[in-house]
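Following: one structure in C-alpha cells, then a few remarks.
Both counts, for ligands and for their atoms, begin at 1 and track the order of listing. Everything numeric here is computed off the predicted structure, so don't read it as measured data. Throughout, numbering of the chain's residues begins at 1 and tracks the sequence.
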Amino acid sequence: MSENKPGPREIAIRTDEKKQHFDDIYVAEDPVPFKERIIDAFEYVSCSFNKRIFDRLILPWCEEQARMGKSLNYVDLCCCFGNTTMAVVHGMEVDAIRRNWADHESCKTIARPRRLPFRTIGIDISGNALAYGKRAGLFDEVIESDLNAPEPEAKAAVDQALQEADVVVSTAAFVYLELAAIATLCDSFARNEKEGYMLVNFLNPFALDSADATKRLLLEKLEFVGSTATRHRRLSPLEQENYPGEEWALLELWVLRRRD
Ligand SMILES: C[S@@+](CC[C@H](N)C(=O)[O-])C[C@H]1O[C@@H](n2cnc3c(N)ncnc32)[C@H](O)[C@@H]1O
C-alpha cells in the first residue's frame with residue numbers, strides 16, 4: 001500500500017490525513033487494482049451490506065415502479081468503477097463482484113444483468129473509472145467532475161441528474177466531499193417533488209466531526225427512512241497507527257427520501 005504521499009498521477013482527491021490514500025487505484029485503467037488492493041487486501045465487504053439495505057428499504061419501491069411500467073433514474077455519486085452499482089442494480093454481493101473483477105479480461109463485461117429498468121448515471125472525479133463503467137455497461141451516462149469545485153458545465157449536468165433521480169447512492173464517499181458540496185448535491189436532489197431515495201454511508205473512525213455535520217445537514221433537507229451498521233474494511237497499517245487498538249473501519253448505512 002502506498003504511503004500518504006502524492007503520486008505522479010494524483011488528481012484533486014482530498015483524503016482525511018489519518019485515512020489511507022487510494023488515489024492511484026481510483027485512476028487505474030480498470031477495476032483489477034481496486035479488487036486486488038482494496039477488496040482483497042482489506043476485506044472490503046461493504047458492497048454486500050449496501051445491497052442488503054437497498055433490498056430492504058428501496059428495492060420494493062423500485063419493483064413497484066417497474067410493475068407500473070416506469071423506468072428508474074439512478075445516480076451513483078463518487079461511483080469509482082461502479083462496485084456499488086454492481087451491488088444494487090445488478091444484485092451482486094462482494095464475492096460475485098470479486099469474481100467478476102478477477103482479471104483484466106473478466107472485468108470487461110458485467111456477469112449479471114440489471115435487476116430492473118434502471119437508467120444509470122455515474123459521477124466521479126476519475127475519468128478512467130467512468131470510462132470503464134461506461135465500457136462495461138454499468139453506466140448509460142457519466143459525468144466527470146470534481147464535486148468540491150465543479151466546472152459550470154459539469155455542475156449543471158450533476159444538478160440535473162440529481163434533480164431527476166429516483167435513486168441516488170453515495171457510498172464511502174462523503175468523507176471526500178466538503179460540507180458545502182454535499183449541501184449543493186442534496187439541494188439538487190430535494191428540489192424535485194416526486195418520491196425518491198438516497199442511500200449514503202458514514203465511515204468510522206475517520207473525520208467524525210465532519211460526518212456529524214453531514215448527518216445534521218441531510219436531516220434538515222431529507223426525511224430519514226432507516227439505517228444499519230456493519231464492517232466496512234480492515235484498517236491499513238498506517239490507519240492502525242493513527243487509531244491505536246482499532247482493526248476495522250466501520251460503516252453506517254442510511255436511507256433517506258425526499259420530503260412529501
Ligand atoms: C472510496 S471510493 C468509493 C467507491 C464506491 N462508491 C464504494 O463505496 O466503494 C471514493 C470515490 O470518490 C471519488 N472522489 C474523491 N474525491 C472526489 C471529488 N472531489 N469529486 C468527485 N469524486 C471524488 C474517487 O475518485 C473515488 O472513486
Side-chain angles (χ1 to χ4, degrees), residues 1 6-7 9-16 19-31 33-35 37-54 74-89 92-94 97-98 101 120-133 138-139 142-151 154-155 157-158 161-162 167-182 184-185 198-203 206-207 210-211 230-233 235-236 239 249-254:
M1 262 300 145
R9 303 175 65 197
E10 189 157 1
I11 47 179
I13 297 176
R14 297 172 202 182
T15 306
D16 180 73
K19 185 174 178 294
Q20 186 75 43
H21 263 282
F22 294 117
D23 305 7
D24 62 318
I25 299 177
Y26 301 152
V27 299
E29 298 286 329
D30 73 20
F34 187 101
K35 180 261 177 198
R37 292 172 51 201
I38 299 181
I39 297 182
D40 290 347
F42 291 117
E43 296 183 52
Y44 192 85
V45 289
S46 50
C47 302
S48 295
F49 297 103
N50 279 309
K51 174 185 178 293
R52 289 177 205 173
I53 193 170
F54 180 87
Y74 165 94
V75 176
D76 189 342
L77 205 53
C78 295
C79 58
C80 207
F81 293 95
N83 47 307
T84 308
T85 295
M86 291 167 84
V88 307
V89 170
M92 299 167 80
E93 294 224 352
V94 72
I97 297 172
R98 188 180 268 131
W101 284 359
T120 60
I121 300 182
I123 301 175
D124 202 278
I125 198 172
S126 166
N128 277 353
L130 294 172
Y132 164 79
L138 281 168
F139 302 121
V142 294
I143 304 170
E144 184 178 340
S145 174
D146 175 354
L147 294 168
N148 287 324
E151 297 290 327
K155 191 180 164 88
V158 170
L162 288 173
V167 176
V168 174
V169 303
S170 189
T171 53
F174 283 162
V175 72
Y176 294 97
L177 301 183
E178 289 165 10
L179 199 59
I182 299 172
T184 303
L185 297 166
M198 193 181 263
L199 165 59
V200 300
N201 293 166
F202 302 99
L203 305 184
F206 311 116
S210 132
T230 181
R231 286 161 292 138
H232 174 44
R233 63 165 171 80
L235 295 179
S236 71
E239 291 165 341
L250 301 176
L251 193 71
E252 288 174 74
L253 305 94
W254 280 25

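- The pair R52-E93 meets the salt-bridge criterion, since a charged nitrogen lies less than 4.0 angstrom from a carboxylate oxygen.
- For ligand 1, the atoms closer than 4.0 angstrom to any heavy atom of D146 are 18 (C), 19 (N), 20 (N).
- With 3.5 Å as the limit, one finds a donor-acceptor pair spanning the side chains of D76 and T85.
- A salt bridge is absent between D146 and K155: the closest approach of a Lys/Arg side-chain nitrogen to an acidic carboxylate oxygen does not fall below 4.0 angstrom.
- Close approach of ligand 1 to T84 is summarised as follows: ligand atoms under 4.0 Å from at least one heavy atom of the residue are 5 (C), 6 (N), 7 (C), 8 (O).
- The parts of I125 lying near ligand 1 are both backbone and side chain, judged by heavy-atom distances below 4.0 Å.
- Ligand 1 places these atoms under 4.0 Å from at least one heavy atom of S145: 20 (N), 21 (C).
- At a threshold of 4.5 Å between non-hydrogen side-chain atoms, the residues L253 and T230 count as touching.
- Considering both main-chain and side-chain atoms, S126 never comes within under 3.5 Å of ligand 1 through any nitrogen or oxygen pair.
- Considering every non-hydrogen atom in both F81 and A28, the closest pair reads CZ-O, 3.5 Å.
- Nearest approach of N201 to F174, heavy atoms of both residues: O-CD1, 4.2 Å.
- Contact atoms of ligand 1 toward Y44: 7 (C), 8 (O), 9 (O) (distance under 4.0 Å to a heavy atom of the residue).
- Below 3.5 Å of separation, one finds an N or O of C78 facing an N or O of ligand 1.
- A cation-pi geometry, defined here as NZ or CZ lying under 6.0 Å from the six-membered ring centre and within 45° of its normal, holds between R233 and F42.
- For Y26, no nitrogen or oxygen atom sits less than 3.5 Å from a nitrogen or oxygen atom of ligand 1, counting backbone and side chain alike.
- Here the shortest heavy-atom distance to atom 24 (C) of ligand 1, taken over D124, D23, I39, belongs to D124.
- If you look at L147 next to ligand 1, the close heavy atoms, those under 4.0 Å, come from the backbone and the side chain alike.
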